[in-house]
**Student:** 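One structure follows; several queries about it will come next.
Lettering of chains follows the sequences in order, A, B, ..., and the numbering in each one begins at 1. These figures come from a predicted structure and were not determined experimentally.
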There are 2 protein chains.
Amino acid sequence: MTSFERPTLVRDGVYDHLRRAVLDGDLAPGERLGEVELGAQLGVSRTPIREALMRLTQDGLLIAEANKGVRVRTLSAAEARDTYVVREELDGLAAALAAQHHTPADAAALRAALNELHAAPGSDYRAQTRLDLAFHRAITHAAHNAALNDLNRDLEQRVALIKHQTRTYNAHPQTDAQHAALLDAILARDHDAARDAARTHVRTFAALVLNDLQPRSTP
Amino acid sequence: MTSFERPTLVRDGVYDHLRRAVLDGDLAPGERLGEVELGAQLGVSRTPIREALMRLTQDGLLIAEANKGVRVRTLSAAEARDTYVVREELDGLAAALAAQHHTPADAAALRAALNELHAAPGSDYRAQTRLDLAFHRAITHAAHNAALNDLNRDLEQRVALIKHQTRTYNAHPQTDAQHAALLDAILARDHDAARDAARTHVRTFAALVLNDLQPRSTP
DNA sequence: GCGCACAATATTGTATACAATATCCACAAT
DNA sequence: ATTGTGGATATTGTATACAATATTGTGCGC
């Protein structure tokens, strides 16, 4: 929340900055975002701040109440469950399409992403989360489907919000094996196996996260 | 584009107004939207206009170029194909979930929506489109999955844009039968049949639309 | 007649001023 | 003590003013 780069337009800089802050968990779910305060922190007027907040609200990362400002969105346990149901379907589709359409460059990127993820220290929650996301993005990218990529962006954001509410740790005995199986199936161009592997992975992971989320109250 | 109602906030009124205009095809794909012009037409300042345009851009209905304003989005043939691939998956999921989770009220709404659709004059393109959309929305609603509803909203918008580019007519010999089969499967709580029926319907419809889209150039 | 440069114009981007609404604290009435 | 009312304060919502960038058109040179 200190310095920030402007791409060309101030509002885009603010948007990127705040989006990352929410997705990285620097802004906690439920936290209120005041326009004047943000403007002072980033050294810009309220106008680009407002426009960035508007976009983030439309993304579903923030919740706006009329005349009451915006807050970082919190998802109920039910919404979290719903999200993983959809994610299972869409991740499965992404894996199947990636198996069918991936290029040699995609294959290299997928291998690299998984290697990075395996190399990350198991104790580093943020790095783990970031690299896991990168791996899944590589799969979606390899699917070469623009609509899927757009929708997946929304889902990624929801999952990030859920994770920050639960602080569920990524590591799991089966995670590495599942990732490997998924990658193998994609590279082998076996779209059915890839779809199954992706769906299984989402299911196990969802069970983990939802188990953590369940005990808490659902505001 | 003449009168418009304001819910409470001006920007929300502008947003709803413009969104409907784009989705109804009153604003043609590719058409440029000037801020001062819109402000004059709707009788408000540029600020709420800008904020509405920002949100619509984030929705994917408009395309913004820096310092060059926004235009109604046009989708390439490839993007249209991609959209229907995803829609097939998500409509299938929605139908399956609706079959599992629909309430008596949902069932009544589904029946009513389909009846309305059947009753609409086959020559009324706009009514046909609107009621078809309402039927599909009823299904998604009956699925009782918030995440799916949100994502479906994005897909609906894309499909609306595609349709306005092609002006494909909704009517098709198989459409009525497919709708009926889909509804029957949902009401019978047969989620596999419902999923298949939805996917089949999307496929036949996609083929129709894409066939119309293909001849045209892809800007 | 064609093309480039440059100015005139228009439009978007940002900042600020003003209005409307909500929040919060003090204080009184029960 | 608690609750309700009122005003003071703060924050959002809208309008407008100013700055920066793009577009357009005109004139000059070739």
Side-chain angles (χ1 to χ4, degrees), chain A residues 1-19 21-22 27-74 219, chain B residues 1-19 21-22 27-74 219:
Chain A
M1 290 281 288
T2 55
S3 69
F4 85 110
E5 284 295 329
R6 57 179 60 181
T8 28
L9 264 51
V10 177
R11 66 160 174 257
D12 290 339
V14 175
Y15 174 79
D16 292 344
H17 177 80
L18 291 178
R19 184 166 185 274
V22 175
L27 296 169
E31 185 167 341
R32 191 174 163 286
L33 301 181
E35 296 174 4
V36 291
E37 181 188 350
L38 290 173
Q41 281 179 8
L42 300 178
V44 300
S45 85
R46 279 178 57 213
T47 305
I49 298 281
R50 286 181 63 79
E51 298 184 346
L53 294 179
M54 209 75 59
R55 292 171 61 190
L56 290 165
T57 301
Q58 209 67 11
D59 282 341
L61 287 180
L62 307 178
I63 289 289
E65 290 173 285
N67 296 316
K68 290 180 64 174
V70 302
R71 317 183 79 86
V72 179
R73 181 171 181 182
T74 59
Chain B
M1 292 277 286
T2 55
S3 70
F4 85 111
E5 284 295 329
R6 58 178 60 180
T8 28
L9 264 49
V10 177
R11 66 157 173 258
D12 290 338
V14 175
Y15 174 79
D16 292 343
H17 177 80
L18 291 178
R19 183 166 185 275
V22 173
L27 296 169
E31 185 167 342
R32 189 175 164 286
L33 302 180
E35 295 173 5
V36 292
E37 181 187 350
L38 290 173
Q41 281 178 9
L42 300 177
V44 300
S45 83
R46 278 178 57 212
T47 304
I49 298 282
R50 285 181 64 78
E51 299 184 345
L53 295 179
M54 209 75 58
R55 293 171 60 190
L56 291 166
T57 301
Q58 209 65 11
D59 282 341
L61 286 180
L62 307 177
I63 288 289
E65 289 174 285
N67 297 314
K68 290 180 64 174
V70 302
R71 317 184 78 89
V72 180
R73 181 171 179 181
T74 58

**Student:** Do B/Asp59 and B/Tyr15 have side chains that approach each other closer than 4.5 Å (heavy atoms only, starting at C-beta)?
**Tutor:**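 Yes - at least one pair of side-chain heavy atoms lies under 4.5 Å apart.
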**Student:** Indicate every side-chain donor-acceptor pair of residues 63-72 of chain B with a distance under 3.5 Å to a residue at least two apart or in another chain.
**Tutor:**
unit_1: B/Arg71; atom_1: NE; unit_2: B/Gly30; atom_2: O; d: 3.0
unit_1: B/Arg71; atom_1: NH2; unit_2: B/Gly30; atom_2: O; d: 3.2

**Student:** Counting primed atoms plus P, OP1 and OP2 as sugar-phosphate and everything else as base, spell out the protein contacts along nucleotides 7-13 of chain C at 4.0 Å heavy-atom distance: B, S or - for each nucleotide, 5' to 3'.
**Tutor:** ----SBB
**Student:** Do the side-chain N or O atoms of B/Ser45 get closer than 4.0 angstrom to the phosphate oxygens (OP1, OP2) of D/dA15?
**Tutor:**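 The answer is yes; a side-chain N or O of B/Ser45 sits under 4.0 Å from OP1 or OP2.
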**Student:** Looking at residues at least two apart in the chain, or sitting in another chain, which of them share a salt bridge (Lys or Arg N to Asp or Glu O under 4.0 Å) with B/Arg19?
**Tutor:**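 With sequence neighbours excluded, B/Arg19 shows a salt bridge (Lys or Arg N to Asp or Glu O under 4.0 Å) to no residue whatsoever.
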**Student:** The criterion is side-chain hydrogen bond (donor to acceptor under 3.5 Å, both in side chains); which residues satisfy it with A/Arg11, sequence neighbours excluded?
**Tutor:**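 Residues passing side-chain hydrogen bond (donor to acceptor under 3.5 Å, both in side chains) with A/Arg11: A/Glu51.
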**Student:** Going by heavy atoms in the side chains, are A/Met54 and B/Leu53 under 4.5 Å from each other?
**Tutor:**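 Heavy-atom side-chain distance check fails, nothing below 4.5 Å.
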